[in-house]
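Heads up: the structure comes next, in structure tokens.
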Amino acid sequence: MNMNTYIILIVSSLLCIMLYKRYFPVLGIPCKKSGHDKTSTVVLDIRDYNIDVNQSQNRSDMRIPYAYLKRFIQEIPHQKIHVIANDRLELNLGLRYLRSKGYQVASYQLSNCPCREKE
């Protein structure tokens with residue numbers, strides 16, 4: 001094998017890892033309309049600040065956009081978390097980051113996609 005083959009393998013591996021983190025869904029976390037369990041669940045809204053939350057019925061305990069999670073991670077209490085995101089990309093990145101920091105994500109909700117809960 002020559003040097004070009006190794007470079008192509010490294011670049012393609014890095015590309016696959018980046019695509020996996022962004023677009024492959026995080027498994028094992030259910031979608032729920034409201035994760036507000038008054039005692040033990042913190043509702044964390046990771047949507048951007050320019051998204052109007054008054055139009056939605058979601059009441060969040062904390063609002064920290066995904067772009068600011070790294071800076072304000074110490075302000076999130078170590079309890080179960082219900083995450084509200086705007087789209088799948090933001091959700092996947094946010095869930096992976098929170099789980100990597102040791103937080104237990106109990107459920108999630110997308111603002112523009114209703115959950116299909118099994119009854």
Side-chain angles (χ1 to χ4, degrees):
M1 289 184 154
N2 59 14
M3 189 62 129
N4 290 337
T5 307
Y6 289 121
I7 292 173
I8 291 173
L9 281 174
I10 290 171
V11 169
S12 62
S13 296
L14 290 174
L15 183 64
C16 287
I17 290 170
M18 287 177 20
L19 290 174
Y20 172 79
K21 285 183 178 180
R22 293 175 73 91
Y23 298 109
F24 192 77
V26 180
L27 302 176
I29 301 175
C31 178
K32 293 185 178 178
K33 289 184 188 261
S34 175
H36 210 24
D37 176 15
K38 308 266 189 267
T39 58
S40 63
T41 304
V42 175
V43 179
L44 175 64
D45 192 347
I46 62 170
R47 295 177 287 181
D48 286 335
Y49 285 129
N50 61 358
I51 305 283
D52 185 20
V53 295
N54 292 332
Q55 68 181 353
S56 63
Q57 301 85 358
N58 307 326
R59 296 286 175 229
S60 61
D61 296 331
M62 303 186 79
R63 182 147 191 199
I64 303 174
Y66 172 72
Y68 295 97
L69 270 181
K70 189 173 185 179
R71 186 182 305 166
F72 295 109
I73 193 75
Q74 72 276 3
E75 293 185 14
I76 303 172
H78 278 279
Q79 297 175 343
K80 290 183 180 178
I81 297 176
H82 174 79
V83 176
I84 300 173
N86 196 40
D87 58 6
R88 283 269 177 206
L89 178 65
E90 187 177 68
L91 177 72
N92 292 337
L93 291 172
L95 291 180
R96 289 188 203 289
Y97 183 74
L98 288 169
R99 289 177 75 181
S100 74
K101 294 299 178 183
Y103 288 93
Q104 182 183 5
V105 181
S107 57
Y108 71 87
Q109 174 183 356
L110 291 172
S111 60
N112 58 1
C113 179
C115 295
R116 289 178 250 138
E117 295 187 56
K118 298 174 185 162
E119 298 178 14

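Since we're looking at a predicted model, the values are computed, not measured. The basis for the numbers below is simple: all heavy atoms, side chains too, and nothing from hydrogens, waters or symmetry mates.
- Listed here is the closest heavy atom pair of Leu69 and Gly94: CD1-CA, 4.4 Å.
- The cationic atom of Arg96 (NZ for Lys, CZ for Arg) lies less than 6.0 Å from the six-membered ring centre of Tyr20 and within 45° of the ring axis.
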*Does the side chain to side chain contact (heavy atoms under 4.5 Å, CB included) test come out yes or no for Leu93 and Arg22, once each step is laid out?*
CA-CA 6 Å; Leu93 291 172; Arg22 293 175 73 91; 4.1 Å; yes

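- The shortest heavy-atom contact between Gln109 and Lys32 is CB-O, 3.4 Å.
- For the atom pair CD1 of Ile84 and CG of Leu110, the computed distance is 10.0 Å after rounding to the nearest 0.5 Å.
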_CA sep, side-chain torsions, deciding dist, call: Ile29, Arg99, side chain to side chain contact (heavy atoms under 4.5 Å, CB included)_ = CA-CA 11 Å; Ile29 301 175; Arg99 289 177 75 181; 3.8 Å; yes

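- Ring geometry, His78 versus Tyr103: the interplanar angle falls under 30°, so the pair is classed parallel (tilted spans 30 to 60°).
- In plain terms, the two heavy atoms of Pro77 and Met62 that are nearest each other are CD-SD, 3.7 Å.
- Minimum interatomic distance between Ser111 and Asn86 (heavy atoms only, all atoms of both residues): OG-OD1, 2.9 Å.
- Closest non-hydrogen pair, Gln79 versus Ser40, comes out as CB-O, 3.5 Å.
- Clustering ILVMFWY residues whenever any of their side-chain heavy atoms sit less than 4.5 angstrom apart, transitively, puts Tyr66 in the very cluster that holds Leu19.
- Summarising the geometry, atom CZ belonging to Arg71 is positioned 11.0 Å from atom CD1 belonging to Ile64; distances are rounded to the nearest 0.5 Å.
- Surrounding OH of Tyr49 are more than 12 heavy atoms belonging to other residues, nucleotides or ligands, all under 6.0 Å away.
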*Please assess Leu98 against Ile73 for the test side chain to side chain contact (heavy atoms under 4.5 Å, CB included), listing each intermediate value before the final yes or no.*
CA-CA 8 Å; Leu98 288 169; Ile73 193 75; 3.9 Å; yes

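- Taking CG from Leu44 and CZ from Arg63, the interatomic distance works out to 10.5 Å, rounded to the nearest 0.5 Å.
- For the atom pair NZ of Lys21 and SG of Cys16, the computed distance is 13.0 Å after rounding to the nearest 0.5 Å.
- Across all non-hydrogen atoms, the minimal contact from Ile81 to Thr41 is C-CG2, 4.2 Å.
- Side chain of Asp45 to main chain of Arg47: a donor-acceptor pair is present (N/O by atom type, distance under 3.5 Å, no hydrogens or angles).
- In this structure, Tyr108 contributes its side chain and Leu95 its backbone to no donor-acceptor pair below 3.5 Å.
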Check: residues 2-15 side-chain donor-acceptor pairs under 3.5 Å, at least two apart:
from  : atom 1 : to   : atom 2 : distance (Å)
Asn2  : OD1    : Thr5 : N      : 3.2
Asn2  : OD1    : Thr5 : OG1    : 2.8
Ser12 : OG     : Ile8 : O      : 2.9
Ser12 : OG     : Leu9 : O      : 3.1
Ser13 : OG     : Leu9 : O      : 2.8

